[in-house]
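The structure under discussion appears below in the form of structure tokens.
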Amino acid sequence: MPTPSRILVPVDLMEGSRAILDYAVQLARPFNASIEVLHAWEPPQYVAPDLLVAAPGWNPQSLEKTALEAARKELTTLIGSLNAPGPITQRLEVGEPAAATLRVAETGGFDMIIMGTHGRRGLPRLLLGSVAQKVIARAHCPVLTLHVPEEK
């Protein structure tokens, strides 16, 4: 098996994202592999992404624009806090996270995906689905999953 040279790290910007990124950096270091961090924002099913969000003193902006700006700031802060040997790029996508991850991995020529899994069971898994499971089932490259314990 060839060594990884381009690693995709999808994150949900929730608990455990930092731990997943730290692990990816440690794994990439000996191979001098590049890392791209991906966050996919999925518009809520019950509101239109072009819904305007406004607060006193703000110019109204679409929900999508507001969400992507917030995610971009969080990603920049998260990546800036890492002790990475080389540059880490970031990418934001709009769409269902598993589909976005698979699309970016294939079109971007990534040869490994490192992602977290919350290990939900029962009704939460049935309702939320498993992004990691969908990626593992359809990815063209190896997928390394790391369990993200839920914060109490």
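Side chains are part of it too, since the values below use all heavy atoms of this structure and drop only hydrogens, waters and symmetry mates. These figures come from a predicted structure and were not determined experimentally. Here, residue 1 is the first one in the sequence, and each next residue gets the next number.
For the salt bridge (charged side-chain N to carboxylate O under 4.0 Å, His left out) condition, no pair includes a residue of residues 78-89, sequence neighbours left out.
The distance from atom OG1 of Thr101 to atom CD1 of Ile113, rounded to the nearest 0.5 Å, is 7.0 Å. One distance of note links CE of Met115 with CD1 of Ile7; it measures 14.5 Å at 0.5 Å rounding. Put simply, CZ on Arg138 and CD on Glu106 are 11.0 Å apart, with the number rounded to the nearest 0.5 Å. Separation of atoms CH2 (Trp41) and CG (Leu68) is listed at 6.5 Å; rounding is to 0.5 Å. Atom NE2 of residue His147 and atom OG1 of residue Thr117 lie 7.5 Å apart, to the nearest 0.5 angstrom.
Glu93 pairs by the side chain to side chain donor-acceptor pair (under 3.5 Å) definition with Arg91, Arg103, not counting sequence neighbours. Remark: Thr145 pairs with no residue by the side chain to side chain donor-acceptor pair (under 3.5 Å) rule, at least two apart or across chains.
Considering every non-hydrogen atom in both Pro10 and Ile114, the closest pair reads CD-O, 3.4 Å. The minimum heavy-atom distance between Asp111 and Pro4, with the atom names listed, is OD1-CA, 3.5 Å.
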List the atom pairs, donor and acceptor, that lie under 3.5 Å between side-chain atoms in residues 33-40 and the rest of the protein, sequence neighbours left out.
unit_1 : atom_1 : unit_2 : atom_2 : d
Ser34  : OG     : Ser5   : O      : 3.4
Glu36  : OE1    : Thr89  : OG1    : 3.2
His39  : ND1    : Val11  : O      : 3.0

Contacts under 3.5 angstrom, residues 19-27 side chains, donor-acceptor by atom type, not counting sequence neighbours:
unit_1 : atom_1 : unit_2 : atom_2 : d
Asp22  : OD1    : Arg18  : NE     : 3.0
Asp22  : OD2    : Arg18  : NE     : 3.1
Gln26  : OE1    : Arg29  : NH1    : 3.3

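In this structure, Val143 is not a member of the same hydrophobic cluster as Phe31, with clusters built from ILVMFWY side-chain heavy atoms closer than 4.5 Å.
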Give the intermediate values and the outcome of side-chain contact (heavy atoms from CB on, under 4.5 Å) for residues Met112 and Arg6. CA-CA 7 Å; Met112 177 176 256; Arg6 298 201 66 216; over 6 Å; no

